[in-house]
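Quick caveat, the model's predicted, so the values are computed rather than measured.
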There are 2 protein chains.
Amino acid sequence: MVSDTKQRLINAAIETLRTRGITGVSARNVAAAAGVNQALVFYHFGSIDQLLAAASATAAARRVEAFRERFAQVDSLRDLLAAGRELHAAERETGGVAVLAQMLAGAQHDPALSAAASAALELWATEIEQVLDRVLGGTPLAEFTDIPGLARAVSAAFVGIELYEGADPQGAGAALEALDRLGVLLEVLEGLGPVATRALRANLRRRSR
Amino acid sequence: MVSDTKQRLINAAIETLRTRGITGVSARNVAAAAGVNQALVFYHFGSIDQLLAAASATAAARRVEAFRERFAQVDSLRDLLAAGRELHAAERETGGVAVLAQMLAGAQHDPALSAAASAALELWATEIEQVLDRVLGGTPLAEFTDIPGLARAVSAAFVGIELYEGADPQGAGAALEALDRLGVLLEVLEGLGPVATRALRANLRRRSR
DNA sequence: GTCTATAGCTGGATAGAC
DNA sequence: GTCTATCCAGCTATAGAC
């Protein structure tokens, strides 16, 4: 079991990434947020980077876990979009994606953070991949899309919108609205009858070579 | 006209954001990259934040300008996707989007950076908006999508993928591949005959209420 | 406009008492 | 495991010579 102080430091690191960003993270800041001494960061984790790595993993695991049930209920692309909006709203409170975004920014030039950030993103991506697998199974889209790649594209886009939200909430809101409207189109594609589906499939097959 | 040193500092700030990220930016680092004295940052800009704001605006304007011609040639959604991939490849060299991503990360908890970052993103978004306007005009999609919002969603997603690339090139590559394959589907939608278009339009209209 | 010098602070990291 | 104390590097920002 992880010691209490170690856990407190991880929680404090998550909180600091969330409220002050990657530029606001320091051993002193995090330790103060945890209510413990600054030297304990190095005793327990060896370096700030390693603490951040642990924090990133914990934050991602928690948030994915919290949304697993909702994801399991998704039964259409449009509902996946709806789940995405719920997730976005929830994340504005809890900040799991904000932590990931800050980690990704720091990871661009820091190999230690890079491994941690991509692992956290992978956690989200595999979750979404399962949903896409289930939802797209049997539709004409399944054969013409790369579901694992698509899941990763969706995850990355989600992070981008989260960052956008922090800089320009109005613009990000417009972006989300637009995606919602796009959902109607997805619904139509999903609801095509068998004749139309066959025609679409043939059309797709012809064009994809 | 902007003085030579001021311009050098702006270029050096862009370069530093690009190669060392937001956490690697300091008056000393930037001044060293510019080959000038550290005190000149404060003489010319007053603070690091204001230098970064200027750098962000310059970088975005430059890159948008460099791609304006290519954007003007885009005549289909699929070609927009292709242009996006070319832009992505070019940006890996020049790093304009990387600068934007780092600014956005820093902007989350810094109002001064926030204004600059959202202005830069807006520059990209309005450019993409024009392309979408031109390309979607007349298609059934035009009435059922919010083009300004969609342009902002695309911009945000682009930033997300750029960050992804820096942390996990392989995963980001898979994401881009998947979007490419999705392009085939867009091509089909664009290439629908008049009968199918009318049917789709009716279907969309019915479902959108 | 540009430099040196420096004040004053915050940072990571370690040594050593308890 | 946790603390105090400390080293030293790096930081922003300013004062003042040139």
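Residue pairs meeting the salt bridge (Lys or Arg N to Asp or Glu O under 4.0 Å) criterion with at least one partner in residues 107-125 of chain A, sequence neighbours excluded, are A/Glu122-A/Arg152.
Non-hydrogen atoms lying under 4.0 Å from DNA chain C are contributed by nothing in residues 6-20 of chain B.
In terms of the salt bridge (Lys or Arg N to Asp or Glu O under 4.0 Å) criterion, B/Asp146 has no residue partners (sequence neighbours excluded). A/Arg18 is linked by a salt bridge (Lys or Arg N to Asp or Glu O under 4.0 Å) to A/Glu15, counting only residues two or more places apart in sequence or in another chain. In terms of the side chain to side chain donor-acceptor pair (under 3.5 Å) criterion, residue partners of A/Arg85 (sequence neighbours excluded) are, by chain and number, A/Glu177, A/Asp180. Residues passing the salt bridge (Lys or Arg N to Asp or Glu O under 4.0 Å) test with A/Arg62, sequence neighbours excluded: none. Residues that satisfy the salt bridge (Lys or Arg N to Asp or Glu O under 4.0 Å) test with A/Arg68, not counting sequence neighbours, are A/Glu65, A/Glu127. The side chain to side chain donor-acceptor pair (under 3.5 Å) search around B/Thr126 returns none, not counting sequence neighbours. Scored by the side chain to side chain donor-acceptor pair (under 3.5 Å) test, B/Asp133 finds no partners at all (sequence neighbours excluded). In this structure B/Gln130 satisfies the side chain to side chain donor-acceptor pair (under 3.5 Å) test with no other residue, sequence neighbours excluded.
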Polar atoms only, N or O, under 3.5 Å: list the protein pairs with nucleotides 12-15 of chain D and their distances.
{"residue": "D/dT12", "atom": "OP1", "partner": "B/Ala27", "partner atom": "N", "Å": "3.4"}
{"residue": "D/dT12", "atom": "OP2", "partner": "B/Ala27", "partner atom": "N", "Å": "2.8"}
{"residue": "D/dT12", "atom": "O4", "partner": "B/Arg28", "partner atom": "NH1", "Å": "3.3"}
{"residue": "D/dA13", "atom": "N7", "partner": "B/Gln38", "partner atom": "OE1", "Å": "3.1"}
{"residue": "D/dA13", "atom": "N6", "partner": "B/Gln38", "partner atom": "NE2", "Å": "3.1"}

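In this structure, the side chains of B/Leu51 and B/Val25 stay at 4.5 Å or more apart for every pair of heavy atoms.
Read 5' to 3', the first and last nucleotides of DNA chain C with an atom closer than 4.0 Å to a heavy atom of chain B are C/dG1 to C/dT4.
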